[in-house]
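Working notes for the structure below.
Computation of the quantities below employed the complete heavy-atom set of this structure, encompassing side-chain atoms and omitting hydrogens, waters and symmetry-equivalent molecules.
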Amino acid sequence: MEVEVKLRLLTAAAHLRLTTLLTPFHLKTLHQRNIFFDTPKNDLSLRRAVLRLRFLQNAAAVSAPPPRCIVSLKAKPTLANEISRVEEDEEEINYGVGKECVDSLDKLSAVGSRVLKRVQEEYGFKDFLGFVCLGGFENVRNVYEWRGVKLKVDETKYAFGKCFEIECETEEPERVKTMIEEFLTENKIEFSNSDMTKFAVFRSGKLP
């Protein structure tokens, strides 16, 4: 179970102010491309499950690690009072193979991935031949080591606009939520509840 605090930053100016204040604590910047898959009848979505390939590229100018691809299955998400809880299983696969899967979905069946095999077994699919690519969105994630936690500050780029969000995975969500909210308030950074997941925003086709 992944437990995260999620808060939405209301404007690009709020995002800029926050990232500027957090500059001394910066660890890395990741460029993420998120691609989603389901059947034409949305069999996974209707059962509150999401199948995603995430392509990651570290933005470091020197000695950047090679790009990576992560396949993940998320299930039974809840998001209330700025705290997200979701069952998540993920696995790294070959980056080139992941890119091939986006172009030819039949290759999903031949990846040999534990996570993809779990999707087949738990949701009753013989293979992925009937699946479609739903598309996706890009995300620029700045990661910070701040007051004993790792903050992830996101700028998410949809085809219909941008959203800005703070995420923090923690075993103490209530305490961390209060700490982040107090910091934002003290520094006059506009924020609100994050009541939709990025995937839900993507599927809605409009900004929240």
Side-chain angles (χ1 to χ4, degrees), residues 1-34 36 50 52 54-65 67-68 70 72 74 77-88 90 136-208:
M1 178 71 70
E2 177 189 69
V3 180
E4 287 185 316
V5 175
K6 289 179 178 279
L7 294 169
R8 192 172 305 284
L9 299 169
L10 297 184
T11 64
H15 174 268
L16 177 59
R17 179 163 176 74
L18 177 60
T19 53
T20 300
L21 288 170
L22 292 175
T23 297
F25 311 102
H26 185 262
L27 293 177
K28 59 186 174 181
T29 300
L30 295 171
H31 291 273
Q32 303 173 336
R33 180 181 174 220
N34 300 286
F36 301 91
V50 176
R52 179 189 71 196
R54 168 172 284 174
F55 300 91
L56 301 100
Q57 178 77 55
N58 195 304
V62 180
S63 301
R68 304 167 61 207
I70 308 294
S72 70
K74 293 194 173 190
T78 63
L79 180 55
N81 300 318
E82 300 96 43
I83 297 173
S84 165
R85 292 178 171 85
V86 62
E87 295 178 10
E88 182 174 34
E90 62 180 26
F137 52 83
E138 295 186 5
N139 190 55
V140 178
R141 168 166 290 174
N142 284 291
V143 183
Y144 305 89
E145 187 73 49
W146 177 79
R147 298 186 184 179
V149 298
K150 281 190 178 177
L151 291 185
K152 296 175 285 188
V153 182
D154 291 345
E155 177 184 359
T156 308
K157 303 175 183 179
Y158 302 101
F160 44 85
K162 293 183 180 180
C163 278
F164 307 93
E165 190 175 51
I166 306 171
E167 295 184 0
C168 183
E169 188 170 351
T170 176
E171 296 179 357
E172 301 177 278
E174 296 292 346
R175 181 186 69 82
V176 171
K177 179 171 76 76
T178 298
M179 183 172 66
I180 296 172
E181 288 178 338
E182 288 177 349
F183 178 75
L184 296 176
T185 301
E186 288 168 2
N187 288 282
K188 298 181 172 55
I189 297 172
E190 295 178 295
F191 70 96
S192 70
N193 294 351
S194 189
D195 52 8
M196 292 177 71
T197 65
K198 290 183 177 69
F199 179 71
V201 173
F202 163 68
R203 290 294 270 168
S204 74
K206 60 183 179 180
L207 298 178

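The structure places CG of L21 at 5.0 Å from CD1 of I189, a figure rounded to the nearest 0.5 Å. H15 contributes atom NE2, which lies 11.0 Å from atom CD of E165 (distance to the nearest 0.5 angstrom). To the nearest 0.5 angstrom, E181 atom CD is 4.5 Å from F191 atom CZ. The distance from the OG atom of S194 to the CD atom of E167 is 7.5 Å, given to the nearest 0.5 Å. Summarising the geometry, atom OG belonging to S72 is positioned 9.0 Å from atom CD belonging to E2; distances are rounded to the nearest 0.5 Å.
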Extract all donor-acceptor atom pairs below 3.5 Å that involve side chains of residues 77-88 and protein atoms in other chains or at least two apart in sequence.
from: E82; atom 1: OE1; to: K177; atom 2: NZ; distance (Å): 3.2
from: E82; atom 1: OE2; to: N193; atom 2: ND2; distance (Å): 3.3

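Taking A200 as the reference, M196, T197 meet the side chain to side chain contact (heavy atoms under 4.5 Å, CB included) condition, with sequence neighbours excluded. Remark: E4 pairs with K6, K152 by the salt bridge (Lys or Arg N to Asp or Glu O under 4.0 Å) rule, at least two apart or across chains.
Listed for the S204 side chain is a donor-acceptor partner under 3.5 Å among the backbone atoms of V201. No side-chain donor-acceptor contact under 3.5 Å links R17 to the backbone of E190.
E155 pairs in a salt bridge (Lys or Arg N to Asp or Glu O under 4.0 Å) with only one of the listed residues (R141, K162, K198), which is K162.
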- Would you sort out whether R147 and F183 count as a side-chain contact (heavy atoms from CB on, under 4.5 Å), showing the intermediate values? CA-CA 11 Å; R147 298 186 184 179; F183 178 75; 3.8 Å; yes

- Message: As a quick check of understanding, evaluate side-chain contact (heavy atoms from CB on, under 4.5 Å) for V143 and L151, giving each step before the final call.
- Response: CA-CA 6 Å; V143 183; L151 291 185; over 6 Å; no

- Task: Output, in order, the C-alpha distance, side-chain angles, deciding distance and verdict of side-chain contact (heavy atoms from CB on, under 4.5 Å) for M179 and V149.
- Result: CA-CA 10 Å; M179 183 172 66; V149 298; 4.1 Å; yes

- Begin from the C-alpha positions of Y144 and V153 and carry the test side-chain contact (heavy atoms from CB on, under 4.5 Å) through to its verdict. CA-CA 8 Å; Y144 305 89; V153 182; 3.7 Å; yes

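Looking at V140 and K157, their side chains come closer than 4.5 Å, going by heavy atoms from C-beta outward. By the 4.5 Å heavy-atom criterion applied to side chains, D154 and I166 are not counted as neighbours. Proximity of S192 to L7: side-chain heavy atoms (C-beta onward) are nowhere separated by under 4.5 Å. Put simply, the side chain of K150 reaches to within 4.5 Å of the side chain of E145, judged on heavy atoms. At a threshold of 4.5 Å between non-hydrogen side-chain atoms, the residues F36 and N34 count as touching. Residues L18 and L22 have side chains in contact (heavy-atom distance under 4.5 Å, counting atoms from C-beta outward). Under the 4.5 Å side-chain criterion, counting only non-hydrogen atoms from C-beta, R54 is in contact with L56. For the pair R52 and K74, the minimum side-chain heavy-atom distance is below 4.5 Å.
When all heavy atoms of A14 and L10 are compared, the closest pair comes out as CB-N, 4.5 Å. Across all their heavy atoms, L16 and T19 have their closest contact at O-OG1, 3.1 Å.
Ring geometry for Y158 against F160 counts as parallel: the plane angle stays under 30°, on a 0 to 90° scale with 60° as the upper cut.
Judged purely by distance below 3.5 Å, without hydrogens or angles, the side chains of N142 and T29 pair a donor atom with an acceptor atom.
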